[in-house]
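Just follow the structure's listing: the first ligand is 1, and inside any ligand the first atom is 1. As the structure is a computational prediction, the values presented were derived from the model and not from experiment.
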Amino acid sequence: MQISPRSALLVIDVQNDFTPGGQLAVPEGDQIVALINRLAGHFKQVIIAQDWHPAGHASFASSHPGRKPYDVIELPYGQQTLWPDHCVRATPGAEFHPELDLPHAQLVIRKGCNPDIDSYSAFLEADRTTTTGLAGYLKERGIDTVYMVGLALDFCVMFSALDARTAGFNAFVVLDACRAIDLQGSLAAAIERMQLAGVGLIQSNDLV
Ligand code: VGL
Ligand code: ZN
């Protein structure tokens, strides 16, 4: 599989809080970092997504008295899984994993910045209308294909991949460069949703 010059690599949420020792650690989340660094060397365009919440964010269980992490509640925009406090902006947990090494990345897109709205996707917030501007950035740069890697496969990677398809991009997820949270079957459900949406599910050795 050739990487066309009109491709971008989108590196999603490889942050301390999502790796072992963090507040919302994804199992083996640190084990993809070296592979992501290596893959990124094959792309001219690298974009990094960073979960970046204000303290007291609506997705935190601690913001809802009587609720605990992993409860699901109804917010004005729909169902919201509640999480431990994580990726609070400008804290060490929100920093990139120390071994992530992407010196040629040109854009860091921060998401989940709105205190009242979560954003798993790097394209659209959970109200499904507020855009991050990423689709416009990619289109203005002539990019038609997005490869996605990072954390978590069944949340931020999946929603970014689905939204990339909706925005008209070819979308691929490099499965061995991702890890999942897997809450109540969420990994299997994510794979099925991505397949139905025409997201290509590949392995890194299909690419390099
Ligand atoms: C994520 C839960 C909450 C992710 C972000 O990066 O997949 N998951 N915030
Ligand atoms: Zn988050």
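Between Tyr120 and Trp83, the ring planes are perpendicular. Angles over 60° get that label, and only those under 30° would be called parallel. Relative ring orientation between Phe123 and Phe169 is described as tilted, the plane-to-plane angle lying within the 30° to 60° band.
Around the Zn ion (ligand 2), the protein atoms of type N, O or S found under 2.8 Å away are Asp51 OD2, His53 NE2, His86 NE2, listed by chain and number.
Using a cutoff of 4.0 Å between basic side-chain nitrogens and carboxylate oxygens, Arg193 and Asp154 are not scored as salt-bridged.
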Would you mind listing each N/O atom of ligand 1 next to any protein N/O under 3.5 Å, plus the distance?
residue  : atom  : partner : partner atom : Å
ligand 1 : 6 (O) : Asp13   : OD2          : 2.6
ligand 1 : 6 (O) : Leu151  : O            : 3.3
ligand 1 : 7 (O) : Ala152  : N            : 3.0
ligand 1 : 7 (O) : Cys156  : N            : 3.1
ligand 1 : 9 (N) : Asp51   : OD2          : 3.1
ligand 1 : 9 (N) : His86   : NE2          : 3.1

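For Arg38, the CZ atom is loosely surrounded, since the number of other residues' heavy atoms within 6.0 Å does not exceed 12.
A donor and an acceptor atom, one from each side chain of Gln15 and Asp51, are nowhere located under 3.5 Å apart. Of the N and O atoms on the side chains of Thr145 and Asn170, at least one donor lies less than 3.5 Å from an acceptor on the other residue.
Residues satisfying the side-chain contact (heavy atoms from CB on, under 4.5 Å) criterion with Pro27, sequence neighbours excluded, are absent altogether. With sequence neighbours excluded, no residue satisfies side chain to side chain donor-acceptor pair (under 3.5 Å) with Asp17.
Smallest separation of non-hydrogen atoms from Ala180 and Leu187: CB-CD1, 3.8 Å.
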